[in-house]
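Both ligands and their constituent atoms are indexed starting at 1 by order of listing.
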Amino acid sequence: MTIALRKEPLKSEPGETLDPQNWDEIRAQGHRMLDDMFDYIANIRERPVWSPIPDDVRGRFRDELPRQPSDLGAVYREFADHVVPYATGNVHPGFMGWVHGGGSAVGMLAEMLAAGLNANLGGRDHMPIEVERQIVAWTRSMFGFPEEASGIFVTGTSMANLLAVLVARTAALGPSVRQHGIGIEGALLTAYTSKAAHGCITRAMDIAGFGSDALRSIATDPCHRIDVAALRAQIAADREAGLKPFLVVASAGTVDIGAIDDLAALSALCREEKLWFHVDGAYGALGILSPVLAPRLAGIENADSIALDFHKWGQVPYDAGFLLVRDGKQHRDAFAAPAAYLRRETRGLAAGSSWPCDLGPDLSRGFRALKTWFTLKTFGTERLGAVIARTCALAGYLEARISAEPRLELLAPVQLNIVCFRYRAADANKVNGNIVVDVQESGIAAPSTTVLDGQLAIRAAIVNHRTDTVDIDALISAVLEFGAQRSKSGSVVNVEPSPPLAM
Ligand SMILES: *Cc1c(COP(=O)(O)O)cnc(C)c1O
């Protein structure tokens, strides 16, 4: 067959494409950027953990839509001067707020490579898809899942939990739910999680069309683990009332204090009651990489699905959420469009399905797998597991320092890498709310808050691989100093605590 080509190919004028007119210039600029970012990470301790954004800096980003080009060097200077100094701070070893990963230089390089390749991982037959499949296989092996298990990268665990609820929904109601909606039968379905579960589970139930009332919030024991007897009783009561229990969401690492539900007991209960057993392992599931922590996750290997974030304990740069589903067919049943799926080619660029677009709502998707692949291969799972175990050892060190300090008190048992404590004072909630903001604004450390039984706690979640005992010591000194200042009468102001379950 002949292919008609244009006789006089249209030749682009300089500036008509978006490629640089001078590759040497952009190469030099690129090397400067790379060096600056290495310096940023290498010298991160010299910076404050976080700095409040000055009004004039914020104002610079209320600019008009740029119609004319600007010099790359000038644009980069704006980034360097006005964005870099006011980032979240989670690269810094003093960052202990919420549950944020620290990232790594390796992950940063991989992100650059992925952007250069500009792959779209919705589907088709190209090697980036095989890299994602490699991560699926590795994740399967981490958790002892069978060959037919499937997995997909998503933004984060909020999304992975939503996808899991949708897979469980299709498994309970059959694929016709995708045409007809949840209907009368779906309105009877009920799901179960503990009071300490992340708020995104409630949102997932809402978005999936069940409504948040269909999620039963089960009491926890003093260690914040779901009360399995109370769960069993609630399931029985709901069945008695004509409802149809279908899903249990366990937590492997609660966001407030790091509790791990009794996964073995829950897996047995789910098997007995024929319920979908999903584990929200956002940060805790990767504890499986540490021989010290893995036994605490016993039972996770029986889950029907696991949601986790490589961007938390895995130290992969944001974002890298992941969902693993034991039965790949049930996963595809929830998302694949059968017409498109069955018509796929066996040869050429459109071969090689099933594709990630059959496993979730996204069609165009970035190459999150690459930074995860580089991270897992470069460091190896033993070293990552050791980093994870070390954050727990540091939490133990912080716990010991608190116990030895009469001005401080522990507010929850330390089970993993999260420590909740407070400065003893009259009007303790207000004083401690002030202390946390003072410490954040000082740039010394960045803890967050949570509320435990009505008591506002200073919450230090140690996730970053760079955090060391000096950072724990700096946190303690800062809390004591601001605590002394704030507990002098008249020096507390009202501080709204952030929602306890936000991240
Ligand atoms: C962080 C977290 C989430 C939410 O994950 P994102 O990646 O922020 O969407 C859900 N559950 C738990 C237990 C978490 O720690």
Nearest-option assignment for [atom], heavy atoms, candidates [options]:
atom	options	value
atom 4 (C) of ligand 1	Ser158, Ala160, Gly101	Ser158
atom 12 (C) of ligand 1	Gly284, Ala282, Gly321	Ala282
atom 2 (C) of ligand 1	His100, Lys312, His198, Met159	Lys312

Sub-4.0 Å atoms of ligand 1 with respect to non-hydrogen atoms of [X]:
X	value
Gly253	13 (C)
Asp309	5 (O), 6 (P), 7 (O)
Gly156	7 (O), 9 (O)
Tyr283	15 (O)
Cys200	10 (C)
Val255	15 (O)
His311	7 (O)

Applying ring pair (Phe, Tyr, Trp, His ring centres under 6.0 Å) to Phe95 and not counting sequence neighbours gives His100
Phe210/Phe246 aromatic ring centres below 6.0 Å: yes
Can we say [X] and [Y] salt-bridge, meaning some charged N sits less than 4.0 Å from an Asp/Glu carboxylate O?
X	Y	result
Arg368	Glu111	no
Lys329	Glu148	no
Asp238	Arg216	yes
Arg390	Asp468	yes

May I ask you to decide if the ring planes of Phe153 and Phe322 are parallel, tilted or perpendicular, using 30° and 60° as cut-offs?
perpendicular
Honestly, for Thr157 the part within reach of ligand 1 (heavy atoms, under 4.0 Å) is both
Those residues at least two apart in sequence (or on a different chain) that pass salt bridge (charged side-chain N to carboxylate O under 4.0 Å, His left out) with Asp327 are none
